[in-house]
Visitor: 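Got a structure for you, written out below as structure tokens; questions coming shortly.
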Amino acid sequence: MISRRNFITIFIMMVVIFFLFMFTGAAKIVFSKYKTNEYIPSFVPVEDSDAEIEKLREGDVLYLGEDEEILTLVSEWCRYYRRNLCQISADESFEGELSDVSFLVVDGASVTEDEIELITDANKKGCMVCFATVPSTDFLREHTDLAQLMGIHTIQRDTTKLIGIHLYSGFLLGGEVVYLPSDERAMKYQDMNLDVPWFVLESASKVYMSGVLNQAYEETDSTYVPPILWRYNTGTGYVFAVNSDYMKSLSALGIYTAMEGSVQDTYVYPVINSQNIVFVNYPSFAEENAEEIQELYSRKPMNFLQSLVLPIVTKVTSSNHLTPSFMISSKLDYGFSGEMKNDYYDTFFESIRECHGEVGLDFVPYKNATSEEKIKADMDYFRNFEEYHYYSAYIGDMDRKEAKDAALNVYEEIATLICDYSDEDGLISSEDNYIYLSPTTSSQYYTYGKDFTMRSVETALGYSMSLQDMSGCLYPKSKKDHMQVFAEYFAGCIDTLYKNFDKFQATSITECSNRVREFLVLDYEIKMSDDQKKMVIETNSYGMKQSFILRLKNQRIKKISDGTFTKLEDDVYLVSFDTSSTEITLEENKHSLLKFFE
């Protein structure tokens, strides 16, 4: 039998425990700021981002050719690296001094006999030459001097069918990888060009990427397989060649960067240092397509989004150390006139705050509305919840002027617009103090081409953005959109793409935009001591964190003042600091010296 004293003691303890549990829950609701955006945009002026750079980094870049795709990518690369670009075509003569040119990019597919002398002359004067495409095998047989300049000893076959691609370590970030399907099921990942000429190279060549002819690729010397990307040392300079179409896509950005880095003992360049994942067409605050969702998942749409979709999204992003950004709509089908779930708005924002995500607006209609109609309907709904500040919007392929006008009319605080990639504007750009960001990959399906593009852009900019269209959750078009299948593909794609780049920083869209602003207006100067043991990076910093990648040969970072450094892989470091300058002390890397003499 319990005594009165013990009963009172137990009762008091139960009341205290009940109060503690209730108090923490109530405090979370009262003191939580889940309806506020924890990320504040920077308004560093970017009107000067296209201004002429007073000091060239390594001299001018010259493009010889007429292919617009190659020109677009080399122009974008020059813009990011503060380089001047000059183009000459087959019917023009170069009037400048080749000694001022540090990098000659050649469209090999359209090179003419008259241009061979210019290319040879540039190489003799120490200019680095890149054949963005290779000349035809017939042209090379006819002009053996050009083949010799490219390091081609013989032409084994005019065309060869590969079964895979082997990218060696030490060129692009991310390490060695073989794009070779292990079985019939994995064939869906293969989307790279597998038909190339087979050249046998001179001994002074270094192969960075080669074709795979059979499953025994690990036992095959790179000398006896078709080379895809190589470097040849002519004795007076370096000649690179790309035996495929990679220089006509975003992968060109990283390849140009890796080419320059591979021929310099110390190579320093700025990066954005920003990893992003963006979800569009998610969530919806309407009980739309309820009949199909009930049949598939035995629950209502709002319950389905909250209990099934969101946990998958947050688990995958958190396991890859990513910060999710959601571009929201009031609903997907603007012909739907049924119930709107206002209580889900609070639940959704609370969940997003807990995973430190960010919310923006989606200006692109999914169904039964124009952009103007959608934006108006969304604003009419979201004005009921005025606490949250939206700083970003997804505009897809909308006209930029139309998107800017919409942003000004409905939400003056929007400073960042996420858009489809365009040749004219590139991955990142600015206009009227708006920052435009484009995704590097999209959809939840992994392919080898996406992986290669990811490595290339990370090498060039330390930037990535995965854009995920979630409309298939509420409106599945095939079995691939069913959650069991979606979860498998989505998790596999994100895990594989990001696993090698977790040392870069995960950011929300507003954080990314702030870093892009800094990157676009950044000017810097590198100073080395006479003994090559100390390096000073001086910048026109706006007080925000800046990041640089250092590629070193036979050296490593010993210490850094006013900043931090992280080893990305052998001989490659990420340096970050938020002051106007930093001093880096280097020391001999005996491990690199041993590798060099092996």
Side-chain angles (χ1 to χ4, degrees), residues 46 49-53 60-90 103-110 130-133 191-193 242 244-259 271-272 276 278 280 363-364 393-404 416-432 434-443 447 449-450 452-467 469 512-513 516 519-520:
V46 289
S49 61
D50 294 326
E52 182 179 352
I53 301 298
D60 290 341
V61 176
L62 181 64
Y63 173 56
L64 179 61
E66 298 179 351
D67 190 292
E68 289 297 324
E69 291 177 295
I70 297 174
L71 176 61
T72 295
L73 271 302
V74 72
S75 298
E76 184 174 351
W77 183 80
C78 287
R79 180 164 64 89
Y80 298 147
Y81 283 74
R82 287 74 168 162
R83 308 285 281 275
N84 285 345
L85 175 66
C86 176
Q87 179 191 11
I88 57 174
S89 55
F103 200 175
L104 172 62
V105 178
V106 181
D107 175 18
S110 64
C130 167
F131 283 86
T133 55
D191 60 343
M192 304 179 79
N193 178 31
V242 183
S244 193
D245 57 357
Y246 301 118
M247 308 308 278
K248 298 182 180 183
S249 65
L250 281 174
S251 57
L253 300 178
I255 294 175
Y256 287 130
T257 303
M259 285 176 177
V271 291
I272 300 169
N276 305 273
V278 178
V280 298
F363 286 178
V364 181
Y394 172 66
I395 65 172
D397 61 355
M398 283 177 64
D399 177 76
R400 288 195 170 191
K401 185 179 185 307
E402 179 186 346
K404 285 188 295 183
T416 306
L417 298 173
I418 302 169
C419 57
D420 293 347
Y421 177 82
S422 72
D423 293 340
E424 182 180 352
D425 301 299
L427 271 177
I428 58 171
S429 60
S430 64
E431 185 179 332
D432 297 333
Y434 284 92
I435 294 297
Y436 293 87
L437 306 175
S438 297
T440 52
T441 61
S442 59
S443 88
T447 67
K450 286 181 182 178
F452 186 70
T453 299
M454 178 90 164
R455 292 167 183 263
S456 299
V457 178
E458 294 281 18
T459 300
L461 297 172
Y463 164 83
S464 70
M465 180 191 292
S466 177
L467 183 71
D469 181 359
C512 176
S513 177
V516 169
F519 177 82
L520 290 176

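Values below: all heavy atoms of this structure, side chains included; hydrogens, waters and symmetry mates excluded.
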Visitor: Can you name the residues that form a side chain to side chain donor-acceptor pair (under 3.5 Å) with Asp420, not counting sequence neighbours?
Guide: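 Result, side chain to side chain donor-acceptor pair (under 3.5 Å) vs Asp420: none returned.
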Visitor: Roughly how far apart are Leu250 CG and Ile255 CD1, rounded to 0.5 Å?
Guide: 11.0 Å
Visitor: Please name all residues satisfying ring pair (Phe, Tyr, Trp, His ring centres under 6.0 Å) with Phe363, sequence neighbours left out, ordered by chain then number.
Guide: none
Visitor: May I have the step-by-step check of side chain to side chain contact (heavy atoms under 4.5 Å, CB included) for Arg400 and Asp425, ending in yes or no?
Guide: CA-CA 11 Å; Arg400 288 195 170 191; Asp425 301 299; 3.3 Å; yes
Visitor: For a 4.5 angstrom cut-off between non-hydrogen side-chain atoms, does Val105 reach Met259?
Guide: no
Visitor: Are Asp245 and Glu69 side-chain neighbours, meaning at least one heavy-atom pair lies under 4.5 Å?
Guide: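 Not in contact.
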Visitor: Donor-acceptor pair, distance only, cut-off 3.5 Å: does the side chain of Gln87 make one with the backbone of Gly65?
Guide: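 Yes: the side chain of Gln87 pairs with the backbone of Gly65.
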Visitor: Taking atom types as modelled, find out whether Tyr63 and Ser75 have a side-chain donor-acceptor pair closer than 3.5 angstrom.
Guide: no
Visitor: Roughly how far, to the nearest 0.5 Å, is CD1 of Ile70 from CZ of Phe131?
Guide: 11.5 Å
Visitor: Check whether any side-chain N or O of Arg82 sits under 3.5 Å from a backbone N or O of Tyr80 as a donor-acceptor pair, and report yes or no.
Guide: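 Pair found, side chain donor or acceptor close to backbone of Tyr80.
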Visitor: Going from CG on Asp399 to SG on Cys419, what distance comes out if it is rounded to the nearest 0.5 angstrom?
Guide: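 Result: 11.5 Å between the selected atoms.
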Visitor: Just wondering, do Leu437 and Ile428 contact through their side chains at under 4.5 Å, heavy atoms?
Guide: yes
Visitor: If every non-hydrogen atom of Thr416 is compared with every non-hydrogen atom of Ser513, which pair is closest and at what distance?
Guide: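 Closest approach of Thr416 to Ser513: OG1-OG, 2.7 Å.
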Visitor: With side chains defined as the heavy atoms from C-beta onward, is the minimum distance between Ile435 and Leu520 less than 4.5 Å?
Guide: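 Side chain of Ile435 against side chain of Leu520, heavy atoms only: contact under 4.5 Å found.
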Visitor: Under 3.5 Å, is there a donor-acceptor pair between the side chain of Lys450 and the main chain of Thr440?
Guide: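 No; zero donor-acceptor contacts below 3.5 Å.
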Visitor: Between Ser456 and Ala252, is there a donor-acceptor pair closer than 3.5 Å when you use the side chain of the first and the backbone of the second?
Guide: no
Visitor: Please check if the side chain of Thr133 supplies one atom and the backbone of Gly108 the other of a donor-acceptor pair under 3.5 Å.
Guide: yes
Visitor: Does the Asp432 side chain pair with the main chain of Tyr434, one donor and one acceptor, at a distance under 3.5 Å?
Guide: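 Side chain of Asp432 to backbone of Tyr434: no pair is present.
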Visitor: Would you find a donor on one side and an acceptor on the other, under 3.5 Å apart, between the side chain of Glu76 and the backbone of Leu253?
Guide: no
Visitor: Quick check: closest heavy atoms across Thr257 and Thr459, and the distance to 0.1 Å?
Guide: CG2-O, 4.0 Å
Visitor: For the residue pair Leu427 and Tyr421, establish whether any side-chain heavy-atom pair is separated by less than 4.5 Å.
Guide: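 In contact.
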Visitor: Working to the nearest 0.5 angstrom, can you tell me the gap between Ser438 OG and Tyr463 OH?
Guide: 6.5 Å
Visitor: Can you find a pair of side-chain heavy atoms, one from Met465 and one from Ile418, that are under 4.5 Å apart?
Guide: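 Yes; the side chains approach each other to less than 4.5 Å.
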Visitor: Whether the side chain of Asn276 engages the backbone of Ser464 through a donor-acceptor N/O pair (distance < 3.5 Å, no angle test) should be reported.
Guide: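 Judged by distance alone, yes, a pair lies under 3.5 Å.
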Visitor: In the structure I gave you, are the side-chain heavy atoms of Tyr81 and Val61 within less than 4.5 Å of one another anywhere?
Guide: no
Visitor: Is the backbone of Tyr246 close enough, under 3.5 Å, to the side chain of Ser251 for a donor and an acceptor to pair up by distance?
Guide: yes
Visitor: Roughly how far apart are Lys248 NZ and Asp107 CG, rounded to 0.5 Å?
Guide: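 Output value for this atom pair is 6.5 Å.
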Visitor: So, using ring pair (Phe, Tyr, Trp, His ring centres under 6.0 Å) as the criterion, who are the partners of Tyr256 when residues are at least two apart?
Guide: Trp77, Phe103
Visitor: Distance from Ser429 atom OG to Glu424 atom CD, nearest 0.5 Å?
Guide: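 With rounding to 0.5 Å, OG (Ser429) is 9.0 Å from CD (Glu424).
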